[in-house]
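Residue numbers start at 1 and run along the sequence shown.
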Amino acid sequence: MEKVLDSEVPAAVPKWKKIVKTSFLIFTWICLGLTLEITGPTLKDLRLKTDGSYEDVSRAISGRSVGFFIGAAIGGVLVDKLHPFCNLMIAICLDGIAVVTTIAPNMTSVNVVWALFVLAGTFEGVINISGQKLILDMWLDKASSPMHALHLGFGIGSFIVPEIANPFLAEPAPTLSSSGVNTTTNRTYNFISSMSSRPTTFHPTPTSKPLSTTIEYVKGSRIEWAYLIVSIITAVTSLVFYFYQYNDRKTKTNSTKNDDTNMSEKRPGNHVVSQQNRFVNTLKSFVKIANPGSCTGGRKMYGVVIFMFLFLYFFTVVGGERIYGKFLRTYAIDELNFNGDDATLLNTAFWISFSGGRFAGFVTARWIPIRTLMIIEACGCLVSAAILNFFAYNNSTLLWVFSMPMGFFIAPLFPTGIAWGDFHVEMTGMAITFCLLGGALGGMSYMWVIGYLYDNYGYRTFLYLTGGFGGFIVLFAFILLFIGCGQGNRFEKKEEDSENEVENTKI
């Protein structure tokens, strides 16, 4: 087990090779942004295709978080037990996401769409742990900036994908209403297409009793083509990691042959390990993997406390990111009467600012202590959420302006959390898994809540829930800061311990 946890990339690996591999991992995160955030700009189209309510569709999309929970649980064990095959795991899971993304928009059943997003989330969970573990192993105590750069890729993919999807979205006919606010939730959708003289009608499940309105669409939805484009990009990217796996295996095979030759000369005979001993050893290794003390130098209670609040931190971070990224475009159209192109542009601008936030984290992580960064980012989210609730709820200009800092401060929270954890404890595969499980549960919970509230209590609940996210993230950031007070850099502690061992040996 110790060999698995300590199997880090040797320091002798040239820096340029680390940079190249990190670049490909960043592009992998770009593919995750493309395939997983395409549901944001296509949310209304998915609602039309499945003939469901916002609650139905948001629950279907929350399947990604259910799958992410499963994938994180599986991925932690796989990464710790099969660490040399991380590249292969990434390659296979990228292909899996590509296949699921191709199929999803062609389904008309909400339940089937949910199941497909569960699969996509499962693949995402394995990729997340494998990729982050590779970054931590390659860069060791200098992993903070590369970790932010890695997650920057997700933001890049997320701001590209609305522009990929926009030409294929359903286009509503211009409305004659002069009202700045649309309060109806029970609507009839008529499609006017050049392919047919008869308009097709969509009747969503009524969730309230306001007067119904009719919305005509001059162009039907063709989002399956957008999904196919991002799937092809993702599948092509997987080829790089098949190559890395083949190259690593070839290198290790040559070194193993030499080791086997030397060992065969020393062994007096072949030793057969009993099945019972193997089972006991395997059980012990799993217990050791799951033990919080294995990440904290034996301090079990400290490990329990720190991982409990990291779980809550990631629960809040991912939940807030999901609701704002998924519902911003929809809120702009439903509440402030944006047209489709302007709403897509707003969504794109949000993800550009999101990418800017992660790039800023990549730069500042080299100069600002990670604990200080976490507090700055969390407070930025709270201030942005408060301004949105008080001033931007009925003003399209202010929604534009203050969605940008919201994206900027939400963005680095996730990689900062991983870097903060690695600053204090050893982030093994299972440690990363525990954090991602919190994120998965948070993403699912927030999406279920926003879908229900949006349908039943009005569109402004989107901003109310965003405000709640801002308050909770500040709370957990300060709790983690308090827990980390007096705890130094774990890498410095390792150096001090090794120096003390050398001195004791000399004595």
Side chains of [X] and [Y]: is there a donor and an acceptor less than 3.5 Å apart?
X      : Y      : result
Thr39  : Lys326 : yes
Ser53  : Asp56  : yes
Tyr324 : Ser403 : yes
Thr461 : Tyr452 : no
Asn106 : Tyr227 : no
Glu163 : Thr348 : yes

Check whether any side-chain heavy atom of [X] lies under 4.5 Å from a side-chain heavy atom of [Y], and answer yes or no.
X      : Y      : value
Leu437 : Phe315 : no
Thr28  : Thr234 : no
Asn347 : Phe159 : no
Leu34  : Thr101 : no
Arg64  : Val118 : no

Practice item. Please state whether the rings of Phe434 and Phe307 are parallel, tilted or perpendicular, taking 30° and 60° as the class boundaries. Key: perpendicular

Exercise for review: Could you give me the CA-CA distance, side-chain angles and deciding distance for Arg47 and Glu55, then say whether salt bridge (Lys or Arg N to Asp or Glu O under 4.0 Å) is met?
Suggested key: CA-CA 10 Å; Arg47 185 186 179 207; Glu55 183 178 0; over 6 Å; no

So, for [X] and [Y], which heavy atoms are closest and what is the spacing to 0.1 Å?
X      : Y      : value
Arg358 : His151 : NH1-O, 2.5 Å
His148 : Ile370 : CE1-CD1, 4.2 Å
Gly71  : Val126 : O-CG2, 3.6 Å
Ala392 : Leu336 : O-CD1, 4.4 Å
Arg329 : Ala343 : CG-CB, 3.5 Å
Ala120 : Val100 : CB-CG1, 4.0 Å

What's the spacing between [X] [atom1] and [Y] [atom2] if we round to 0.5 Å?
X      : Y      : atom1 : atom2 : value
Phe338 : Ser396 : CZ    : OG    : 4.5 Å
Phe478 : Ile483 : CZ    : CD1   : 13.5 Å
Ile135 : Asp422 : CD1   : CG    : 11.5 Å
Leu399 : Leu328 : CG    : CG    : 6.0 Å
Leu382 : Ile387 : CG    : CD1   : 10.0 Å
Phe402 : Asn389 : CZ    : CG    : 12.5 Å

Point to revise | Cation-pi check, Arg460 onto Tyr393 ring (under 6.0 Å, within 45° of axis) | key: yes

Between the main-chain N or O of [Y] and the side-chain N or O of [X], is there a donor-acceptor pair closer than 3.5 Å?
X      : Y      : answer
Glu321 : Val317 : no
Ser353 : Phe350 : yes
Ser355 : Ile156 : yes

Check your understanding: Under the criterion side chain to side chain donor-acceptor pair (under 3.5 Å), which of Ser62, Ser58, Ser65 is the partner of Trp448?
Key ->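 It is Ser62; the other options fail the test.
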
Review point. Is the count of non-hydrogen atoms from other residues, nucleotides or ligands lying under 6.0 Å from Trp400 atom CH2 greater than 12?
Key: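 More than 12 within 6.0 Å, yes.
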
Practice item. Taking atom CZ of Phe476 as the centre, report whether more than 12 heavy atoms of other residues, nucleotides or ligands fall under 6.0 Å from it. Key: yes

For [X] and [Y], I'd like to know if the aromatic rings sit close, meaning centre-to-centre distance below 6.0 Å.
X      : Y      : answer
Tyr331 : Tyr459 : no
Phe354 : Phe408 : no
Phe462 : Tyr454 : no

**Study point:** Charged N-O contact under 4.0 Å between Asp334 and Lys44
**Key:**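 Salt bridge present between Asp334 and Lys44.
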
**Study point:** Salt bridge flag under 4.0 Å for residues Lys49 and Asp45
**Key:**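 So Lys49 does not pair with Asp45 through a salt bridge.
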
